[in-house]
Amino acid sequence: MKKTSEQLAWLIRRHGIEMTHLSGGSHIGAIMSVADVVAVLYADVMKYRPEEPKWQDRDRFILSKGHAGASIYAALAEEGFFPVEELKTHYQNGSRLSGHVSHHLPGVDFSTGSLGHGLSAAVGMAYAAKKDKNENHKVYVVLGDGECNEGSVWEAALFANHFRLNNLVAIVDHNHMQSLDFNENTLEIEDFGAKWKAFGWNVVEINGNDHNELKAAFRYADENSKIAEHKPTVIIANTIKGYGISFMQNDILWHYRFPHDGWEYDTAVNELHKVKPDGIIDPYTPNGIENPVMPTEDDDIGNDHTFSSTWNTTYPEIMRRVEAKSGSGEREHKL
Amino acid sequence: MRDTFVKTLVQLAKEDKNIELVTGDLGFGVLKPFWEQCPDQFTNAGIAEQNMTSVAAGMALEGKNVFTYSIGNFPTLRCLEQIRNDCAYHNANVKVVCIGGGFVYGSLGMSHQATEDLAILRALPNVVVMAPADLVEAEECTKALANYNGTAYLRLGRGGEKRIHDRIDNFQIGKAIKVHDGEKIAIFSTGAIFEEVTAAYDELRDKGYNPAVYTFPTVKPIDKETIEKISMEYDLLVTVEEHNIVAGFGSAVAEVMAEMNDKKAKLLRIGLNDEYSIRVGNQKYLRQQYGMDSTSIVNKIQDAMQELQNNQ
């Protein structure tokens with residue numbers, strides 16, 4: 001039976017924890033933030049055929065933020081492109097599942113990993129379809145917000161508007177954090193939506209961890225694709241990095257750190273089990289973890305690991321800052 | 001050469017609607033025949049080479065046969081990673097075309113001189129690298145690449161090149177072209193520097209030498225067979241390229257020779273001696289300044305022959 005987006009999102013998160021745990025792989029924070037976007041796309045939005053990955057009328061999909069590859073691998077496996085069992089090979093010798101997305105895997109249209117390429121490639125696909133008057137499919141691309149530091153993203157944004165690519169939908173996983181710190185403490189990007197709008201795009205800004213809002217946004221994008229205005233649509237999906245695991249939320253530590261044996265893994269798994277939707281099975285720990293290891297006072301939890309917590313310039317005199325309490329979903333903008 | 005390329009591509013594009021030409025906002029006057037005759041197969045991507053190259057990859061993956069076009073280092077080094085990750089790694093049917101290989105844009109300065117492109121593109125797996133010597137080769141390369149399904153680099157001169165070959169029979173990617181038979185000395189060249197080699201050949205004949213001459217329109221895959229054969233038969237093998245001496249055409253020849261069990265020929269590589277051109281002048285002047293004009297080629301060959309005789 002077809003999974004609901006909520007079921008698929010939960011499975012992506014559970015696989016993400018397991019895959020990074022087993023492999024010592026990075027980017028669990030990004031996998032968690034984008035899980036809902038990916039789940040809604042695969043469960044409710046895109047058309048595809050697992051048994052025929054190159055089906056001509058499939059919607060094209062590019063995960064431009066290739067470091068969150070585990071989220072796509074999990075979705076593809078759960079939707080039947082390859083066995084779920086293979087997910088455990090992530091990062092391993094001889095595996096097909098490289099940390100960053102590879103097209104040497106059924107269901108993947110484009111390899112990524114270097115930021116700032118995916119939107120351009122998606123633009124090329126959408127442009128070719130427009131030229132051929134092929135209206136049977138759309139092109140979806142998911143970007144990171146940190147990725148939008150790359151100039152090539154804005155080159156592509158100009159091109160997509162100029163050539164009226166109404167068959168293109170970009171989703172920015174706006175988790176507000178990048179490698180070392182919050183976006184706003186790295187290179188200010190707000191007012192982010194206004195920037196895209198100024199580049200000529202239809203812009204919709206939503207809570208990207210909320211499935212109802214995501215579904216409504218994709219309906220809006222679909223409607224836009226039909227009207228004569230002919231513009232691409234960007235969904236700015238405001239998400240929380242590490243969403244779904246309390247101690248990972250808004251903590252930059254979990255950009256690179258993987259859930260280690262002990263309290264990190266046990267707590268993460270059990271937190272997920274508290275919100276597990278009915279009708280799906282956790283293939284690794286079907287009932288959660290009995291007698292989990294709990295964090296102690298000596299463990300590094302709830303601390304601010306952002307670059308800005310230790311680094312303060314004297315120039316410029318006024319720099320916008322974002323602060324957040326680790327583990328929360330709240331962010332505070334300060335001047 | 002660029003006009004020959006455009007003329008040839010227009011003919012091909014009229015027959016094959018999948019051929020697309022995408023420019024990075026360059027080609028004023030030059031590309032006009034294309035956009036006039038094949039408007040729906042033409043795109044100006046603006047001054048944005050990174051995006052142009054990945055867009056081309058995306059289009060190619062949807063079935064298009066895409067030529068990207070710009071000058072000097074802009075379609076190559078500026079967007080090298082896009083060529084590597086998005087075109088070559090995906091075996092995307094993208095042909096990267098550069099106008100102005102070597103010192104073509106001499107007086108414009110170092111930024112516009114493409115003198116490391118062959119080396120860098122040659123180092124990318126899945127990329128065919130071609131540099132035609134004259135207008136005849138330019139036409140043949142364009143046709144061959146239009147029929148080739150994969151990623152390739154086409155390095156062209158600008159204008160004013162001559163037809164040197166009368167005609168080329170059985171042109172193939174990866175095959176050198178014999179221009180003259182000879183003895184003792186064999187000269188290999190790639191790209192438009194062939195005109196200097198042609199002049200050098202005449203001078204050498206006047207001086208009593210009888211060099212063989214081959215052009216290599218394809219730098220990758222290199223014509224191993226010809227290199228091995230000549231290395232066994234001749235005393236001196238000379239490579240000439242309007243490009244850095246490091247890792248380019250001469251180095252590709254050296255790689256083949258270095259792996260031979262036995263060979264007769266000594267190798268002499270002529271090119272830009274691992275430096276940037278800091279002098280100002282036209283192509284002809286810069287070739288002279290950096291030792292790859294016909295006179296320099298003749299002198300270097302004579303010196304090398306003298307040295308070989310002294311060592312005997």
Side-chain angles (χ1 to χ4, degrees), chain A residues 54 56-62 64 66 98 100-105 108-134 136-141 143 150-165 167-168 199, chain B residues 13 16-25 35 38-68 70 74-75 77-96 124-126 151:
Chain A
K54 295 282 176 195
Q56 193 54 37
D57 289 344
R58 74 189 184 284
D59 288 321
R60 273 54 165 174
F61 178 76
I62 297 177
S64 190
S98 48
H100 295 239
V101 178
S102 164
H103 67 283
H104 294 290
L105 192 67
V108 174
D109 288 317
F110 200 73
S111 290
T112 53
S114 176
L115 297 172
H117 291 229
L119 182 59
S120 296
V123 162
M125 291 174 176
Y127 185 50
K130 286 274 281 192
K131 277 183 164 254
D132 290 343
K133 302 193 173 22
N134 183 342
N136 295 330
H137 68 269
K138 282 206 261 302
V139 182
Y140 293 91
V141 54
L143 308 167
E150 295 278 7
S152 52
V153 169
W154 302 101
E155 294 179 6
L158 285 172
F159 188 105
N161 169 56
H162 184 83
F163 289 98
R164 303 294 188 260
L165 302 183
N167 53 348
L168 175 69
F199 275 72
Chain B
D16 179 358
K17 291 294 166 202
N18 272 326
I19 290 179
E20 295 272 342
L21 177 61
V22 187
T23 179
D25 203 39
W35 72 61
C38 309
D40 286 346
Q41 289 159 270
F42 180 80
T43 303
N44 184 357
I47 312 164
E49 295 82 6
Q50 297 181 74
N51 179 59
M52 170 175 79
T53 305
S54 303
V55 164
M59 292 169 74
L61 294 178
E62 294 298 325
K64 302 292 186 190
N65 185 0
V66 191
F67 287 73
T68 61
S70 188
F74 310 152
L77 308 201
R78 178 63 184 245
C79 48
L80 179 60
E81 199 186 57
Q82 278 78 8
I83 298 174
R84 178 182 182 266
N85 296 12
D86 304 340
C87 299
Y89 182 52
H90 289 85
N91 272 315
N93 198 5
V94 175
K95 320 295 155 53
V96 175
L124 300 181
N126 302 352
T151 306

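Below, read A as the first sequence line, B as the second, and so on, with proteins coming before strands; counting in each chain starts at 1.
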Chain B contact via Phe110(A) - side chain, backbone, both or neither, heavy atoms under 4.5 Å: both
Asn134(A) portion near chain B, given a 4.5 angstrom heavy-atom threshold: neither
Val123(A) to Val55(B) - nearest heavy-atom pair and separation: CG1-CG2, 3.7 Å
Heavy-atom closest pair, residues Phe42(B) and Tyr127(A): O-OH, 4.2 Å
Pairs of heavy atoms under 4.5 Å with chain A: top-ranked of Met59(B), Lys64(B), Gln41(B): Met59(B)
Between [atom1] of [X] and [atom2] of [Y], what distance do you get to the nearest 0.5 Å?
X: Asn85(B); Y: His100(A); atom1: CG; atom2: NE2; answer: 11.5 Å
X: Ser120(A); Y: Gln82(B); atom1: OG; atom2: CD; answer: 7.0 Å
X: Phe163(A); Y: Thr43(B); atom1: CZ; atom2: OG1; answer: 5.0 Å
X: Ser114(A); Y: Asp86(B); atom1: OG; atom2: CG; answer: 8.0 Å
X: Glu155(A); Y: Gln50(B); atom1: CD; atom2: CD; answer: 5.0 Å
X: Asp132(A); Y: Asp40(B); atom1: CG; atom2: CG; answer: 11.0 Å

Region of [X] in contact with chain A, defined by heavy-atom distances below 4.5 Å:
X: Asn18(B); result: neither
X: Glu49(B); result: backbone
X: Ala56(B); result: neither

Side-chain heavy-atom pair Trp154(A), Asn51(B) within 4.5 angstrom cut-off: no
Donor-acceptor side-chain pairing of His117(A) and Glu81(B) below 3.5 angstrom: yes
NZ/NE/NH1/NH2 to OD/OE distance under 4.0 Å, Arg60(A) and Glu62(B): yes
Whether Tyr89(B) and His104(A) hold their rings parallel, tilted or perpendicular, with breakpoints at 30° and 60°: perpendicular
